[in-house]
Each structure stands twice: as structure tokens, then as C-alpha cells.
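Values reported hereafter were calculated over all heavy atoms of this structure, with side chains retained and with hydrogens, waters and symmetry mates removed. Quick note on labels: first sequence line is chain A, next is B, and so on, each numbered from 1.
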Protein chains: 2
Amino acid sequence: MPDVKHFDPDAVLETVVRLFWRQGVATTGIQDVVTATGLNRSSLYATFGGKQELYRAALRRYTDQRSRPAFRSLAQDQRGLRAVAEFFDGLIEARCAGEHARWGCLVVNAHAGAENGDPEVRALLDQHHQELRDAMLAALVTAEAQGQLAAGTDPGAAAELLALLAYGVNLRSRAGADAGSLHMTVTAALQSLSSRTVV
Amino acid sequence: MPDVKHFDPDAVLETVVRLFWRQGVATTGIQDVVTATGLNRSSLYATFGGKQELYRAALRRYTDQRSRPAFRSLAQDQRGLRAVAEFFDGLIEARCAGEHARWGCLVVNAHAGAENGDPEVRALLDQHHQELRDAMLAALVTAEAQGQLAAGTDPGAAAELLALLAYGVNLRSRAGADAGSLHMTVTAALQSLSSRTVV
DNA sequence: GCTATCTTGAAACGGTCATTCCAAGTTAGT
DNA sequence: ACTAACTTGGAATGACCGTTTCAAGATAGC
């Protein structure tokens, strides 16, 4: 009986993700969203609710579609430190060149804003961090089993270290950090964790 | 002949720093500044100019009064890796407890916002990064001279690594990261850089 | 005490913010 | 074709944004 939506909510949300990602939440107005998506306020509010709910939905979509797949392939990669190195290679490439260059990471950016006061947002940040750390841990456990880790290295602590390093890469890339310098830094980190038999 | 200011611009700026630091720039209105400082719009604009100039001044004050002194004492500390460890200890303590707990770092937060589009802000971020890296480097060169670094460790790359780690600590602490976990991570990082003769 | 020069208080500026409302339009089942 | 249920366009909401303006007040040198 009812009328049906004249747009694809998923495509709209993807547009919103990119808006918040590039410009930040606080500096992006509902008018920007209306202009970029082409739909009007009524449809926007009826579909997603207000701005904060829209931001939460964007954050969820970002982690679902971008973060988690990358974490999954890292966790499943059986090559140990090589897997970690390639994860960072892809990250740096995506952050410094191409369509999303200098956008950083939506989740990392969210840490710095005032929007992390929202408990639901905070929970998403924590979940994202845990998933990143766990993926690193899986790769490091594999590396350890293959004798790639330096003696006495705690995979758990090293996983947390690499996760924080990823935050740093995301942050600095947004301010224009040089890709070569970031690559060098990651290489140094991995070398410091590795037994010197592999490099 | 003229009248003289009825307030201390330096004290006002310190109040503004804390406002921007805690709440973020985008979410802090001029009205918030007026309320927090007690002075009115005329005096505010006559003394500091508009909001963007006020923010730039706050950033300069933050780096002058908070970042740079910490960097200086790190660079001058002759104990090598121990100096680095204490730098991070102080950082984590300041970020997770006390008056500024969960505020993160004003400069790190600035990376994520839209305000880094301002060339002058961008320059401040780059300068801050360089000073942090240089301080780390000085400590690491000292460590190397004392045989504290693992063979084959490049102090320059390691300095950059530790700088990025500091960004990660600042970011995650703002989202409520546990101090103990951060300490553990820093310890793991330093251990991975150290020759196993010292711990 | 007068004056030149600055500061201060308070109101007002146009613009943009997120959100709401409602009449008109569209659809699917009867 | 009629209707119930929903969507859409577009205007309107009041609140707040950063900034400007200007008359009144305060100060230091004469």
C-alpha cells in the first residue's frame, strides 16, 4: 500500500561516509549532506534520524565495509610478519594516494573529536581497536610459530604496539606525511620485532 | 593616554587552550570562550582577532608551554632508553589521570579536524612533529652511544617510530584507553629496540 | 580638568545550524 | 478508481554561529 523509497539508502550512506570522512563531522552540515546526496531533508530524517544517528550509521558502515575486511585478510594471512608488512603497505598507499588521500581514517579521526562523548560511538571505537589488535595478534602468533619473532617478544604487547602505530600512520597521513617516511618507520618497527634470521 | 586592558591576555589564552583542548575547536563557540574567560566579544576580537587566529594562538601557546618543555627535557636526558621510558610514563600519566585526563593532546587532535586545512596550522603540526622526532632522536643517539640499542637499529627510523607511538597513545587515551595497557605497549616497544644486555 | 586613545558593554548583524511540519505526490492492495 | 500508507518537496522553525558596530567608560599625559 505505501509508497516506496525513491533512492538507495545504502548508496546515500556511502556518500555520507565520504563526507564525514573527508571534512569531519562537526564541519559537515545537514545542508552538505542534502546537496551531496540529492535527497531532501524529509527523506533523510525519515530514513536515518538526526545527524548523530546518521554519523553512527556512517561509522558502522565504515568499519563494516572498510576496516573489518582489511583486518580479516590480515588475520587470515599465514605469512607472519610479511602479512603485517603488506597490511601497512596497503594502509599507507590508501592514506597517501588515490581517491581518499589525506583523509586519514574515519574511526581514528573520531577519537579526536567531541563526538566520542556519545557512548555508542565510544563503543564502536573500542570495538574497532580490539578488532585491529586481534588481527595483528593473529598475524604475530603465526609469525612466532614460524620463528620470525625475536626471542622474548610478547605477541600481545607487540600487537598493541602495531595497532598504535597504525593510528599514528593514519593521523600523520592526514596532515600530509610523506609515504616514504611512513614506510620506513613501519619497516623499522617490524625489523625490531623480528628475529634477525628473517628480514 | 589610552585606557589599558582590564585583563591578562596570557591567562585568557590559557583558558582558551583548555577549552579547545577538551571540547575541540569546532564544538567550541565564541560564546563558550566569552563565558569561560569572563571578558566580552569586543575585548576578545580586539586582542586576538577572530576564532581562527585565536585557535592558532592557542596552538602556539600549547606547544610553547607544554610540548616543547617536555621535548627539551627528553632531548637533554643522558640516560638513553630510560629517558624515553620516563617521557612516555609522564605522557601516559598526564593523559589518563589528573586535571587533563582523557583530553588527549591538542596538537594530535588538530590532525584529525578540518582546521588542518589552514596552512599556518599545518605548519605548526609539522613543526611539532619534527621537534618530537628530534627529541626522540637525541635520546636514541645517546642510547646508542651507551650500547643500549640492538645491533642494526637505525636511530632515525626508531625515533620516528616512537613519535608515531606517542600519537597513538594520545589518541587512544582520549577514548579512554587503560593506562596499564599503554604502559605495557611502550615497554614492549622499548624492549624491541634495546640490546638484550639492558632491559 | 581636559583631551586623545584605547577598552568595554551590549545590542544587532546576516548567515547557517539541526530539526519539524504539512500539503502534494506516489504506490500497492482492494 | 478508490483508499490507506508512505515518501517527497519546500518552506518555516527557533536557536546559535562568528563577527561588527557604537555609545559609554576608563586611563595617562598635558
Do A:Leu161 and B:Val186 have side-chain heavy atoms sitting under 4.5 Å apart? no
Side-chain atoms of A:Ser42 come closest, of D:dT27, D:dG10, D:dT20, to D:dG10
Do A:Arg41 and C:dT20 have a side chain to base donor-acceptor pair shorter than 3.5 Å? no
Applying the 4.5 Å side-chain criterion to the ILVMFWY set and letting contacts propagate, would A:Trp103 and A:Leu125 be lumped into a single cluster? yes
Taking the minimum atom-to-atom distance to the side chain of B:Gln31, which one of D:dC17, D:dA11, D:dT8 wins? D:dC17
Please report whether the ring centroid of B:Phe71 lies less than 6.0 Å from that of B:His128. yes
Rounded to whole angstroms, how far apart are CG on B:Asp8 and C1' on C:dT7? 16 Å
Which one, C:dA18, C:dG25, D:dT8, comes nearest to the side chain of A:Asp3? C:dG25
Scan B:Thr28 against the nucleic acid and name what it touches under 4.0 Å (heavy atoms): base, sugar-phosphate only, or nothing. sugar-phosphate
Could you state the CG-C1' distance from A:Leu44 to C:dT19, rounded to the nearest angstrom? 11 Å
I want to check one thing: is the phosphate of D:dT8, taken as OP1 and OP2, less than 4.0 Å away from some side-chain N or O of A:Ser43? yes
Gap between atoms CG and C1', on A:Leu54 and C:dT19 respectively (whole Å): 13 Å
From C-beta outward on A:Pro2, which listed nucleotide comes closest to its side chain: D:dA5, C:dT19, C:dC17? D:dA5
Side chain of A:Asn40, heavy atoms from C-beta onward: which of C:dT26, D:dG9, C:dA10 has the nearest atom to it? D:dG9
Length of the OH-P vector between A:Tyr45 and D:dA12, whole Å: 18 Å
Starting at the 5' end of DNA chain D and moving along, which residue's nearest nucleotide shows up first, B:Lys51 or A:Leu39? A:Leu39
Crowded around B:Gln31 CD? As in, over 12 foreign heavy atoms under 6.0 Å? yes
Taking for B:Ala26 and for A:His6 the nucleotide of DNA chain D with the nearest heavy atom, the one nearer the 5' end belongs to A:His6
Of the nucleotides D:dT20, D:dT27, C:dA18, which one has an atom closest to the side chain of A:Ile30? C:dA18
Measure the distance from NZ on A:Lys5 to P on D:dA5 and round it to the nearest whole Å. 17 Å
How about B:Tyr167 and A:Tyr167: are their ring centroids closer than 6.0 Å? no
